[in-house]
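This report concerns only the one structure given below.
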Amino acid sequence: MLILVALLSGGMLIWQAKNGGGAQAGLTVADAVQKMNREKAVMVDVRDAAEYAAERIAQSKHVPLAELADKLPQVVKNKKTPVLFICSTGMRSGRAAAVARKMGYEECHNVAGGMRSWKAANMPLQTAKA
């Protein structure tokens with residue numbers, strides 16, 4: 001029984017690593033900012049329109065997850081450009097990174113923890129004007 005549990009656990013770890021590591025896997029906020037500054041990475045926000053309108057990262061491009069396959073090539077034309085995906089918690093952006101990889105983008109990253117992590121790191125945001 002213990003051998004079966006060990007094999008199952010190992011298999012799950014391998015599967016998770018192969019498929020992008022889950023929702024919390026990805027770059028830290030500090031690593032994401034560094035990629036934006038040093039490598040001209042493009043930040044793509046995959047939240048819905050209302051979430052994006054309420055608050056967003058100034059340099060980010062908005063492409064809702066449901067429209068990613070259609071709109072990403074218009075936003076990031078060069079598939080060699082590093083692309084950083086962000087959402088509220090890292091769930092949608094993790095899926096977005098996987099979709100972009102399948103579309104042929106060479107360097108796709110999920111910002112771990114999403115906007116929650118961005119805010120926790122006291123990074124700047126643009127907010128809707130009241």
Side-chain angles (χ1 to χ4, degrees):
M1 185 60 127
L2 290 175
I3 293 171
L4 180 61
V5 170
L7 289 173
L8 185 60
S9 296
M12 289 173 58
L13 287 172
I14 291 169
W15 179 82
Q16 190 176 29
K18 184 177 178 184
N19 290 304
Q24 293 303 314
L27 295 179
T28 64
V29 170
D31 290 338
V33 170
Q34 192 172 56
K35 279 207 170 285
M36 290 169 69
N37 290 335
R38 292 186 180 169
E39 300 176 36
K40 304 295 185 225
V42 177
M43 178 72 74
V44 177
D45 191 320
V46 296
R47 297 175 300 154
D48 66 40
E51 291 173 294
Y52 185 77
E55 63 181 6
R56 64 192 163 279
I57 298 167
Q59 306 91 329
S60 67
K61 307 292 182 190
H62 183 232
V63 181
L65 181 59
E67 301 170 17
L68 191 69
D70 294 331
K71 293 189 176 177
L72 186 60
Q74 298 163 6
V75 173
V76 183
K77 295 178 184 355
N78 185 346
K79 292 188 176 184
K80 293 182 181 200
T81 299
V83 185
L84 310 174
F85 293 97
I86 196 162
C87 65
S88 297
T89 62
M91 295 291 289
R92 289 175 282 182
S93 53
R95 285 183 277 174
V99 168
R101 275 188 215 99
K102 287 180 184 173
M103 292 172 64
Y105 286 85
E106 295 179 11
E107 192 176 342
C108 306
H109 301 280
N110 174 26
V111 177
M115 292 295 283
R116 283 187 189 163
S117 292
W118 189 268
K119 288 186 237 179
N122 292 316
M123 298 303 291
L125 289 171
Q126 287 183 336
T127 56
K129 302 213 186 321

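At a threshold of 4.5 Å between side-chain heavy atoms, the hydrophobic network of Ile, Leu, Val, Met, Phe, Trp and Tyr places Met43 and Val46 in two separate groups. A single hydrophobic cluster is not seen to contain both Leu84 and Leu68; linkage of ILVMFWY side chains at heavy-atom distances under 4.5 Å, directly or through other members, places them apart. In terms of hydrophobic clustering, with Ile, Leu, Val, Met, Phe, Trp and Tyr side chains grouped at heavy-atom distances under 4.5 Å, Met36 and Leu27 are assigned to a common cluster.
Pro64 places none of its side-chain heavy atoms less than 4.5 Å from the side chain of Tyr52. Pro73 has its side chain within reach of Met103: a pair of non-hydrogen atoms, C-beta onward, lies under 4.5 Å apart. Ile86 is listed as a side-chain neighbour of Met115, based on a closest heavy-atom distance under 4.5 Å. The side-chain heavy atoms of Val99 and Tyr105, taken from C-beta on, include no pair separated by under 4.5 Å. Here the side chains of Arg56 and His62 are not in contact, with every heavy-atom distance at 4.5 Å or above.
Listed by chain and residue number, Val29, Met123 satisfy the side-chain contact (heavy atoms from CB on, under 4.5 Å) test with Ala121 (two or more places apart in sequence, or in another chain). Remark: Ala97 engages Phe85, Arg101, Cys108 in a side-chain contact (heavy atoms from CB on, under 4.5 Å) (not counting sequence neighbours). Looking at residues two or more places apart in sequence or on another chain, you find a side-chain contact (heavy atoms from CB on, under 4.5 Å) between Lys61 and Val42, Val75.
Counting only residues at least two apart or on different chains, no salt bridge (charged side-chain N to carboxylate O under 4.0 Å, His left out) pair has a member in residues 82-91. Applying the salt bridge (charged side-chain N to carboxylate O under 4.0 Å, His left out) test to every pair with at least one member in residues 105-126, sequence neighbours left out, gives these pairs: Lys35-Glu107, Glu55-Lys119. Among residues at least two apart or in separate chains, side chain to side chain donor-acceptor pair (under 3.5 Å) pairs with a member in residues 66-79 are Glu67-Lys71.
Nearest heavy-atom pair, Val63 versus Leu72, reported as atom, atom and distance to 0.1 Å: CG1-N, 4.3 Å.
Considering CG of Asp48 and SG of Cys87, their distance stands at 11.0 Å, rounded to 0.5 Å.
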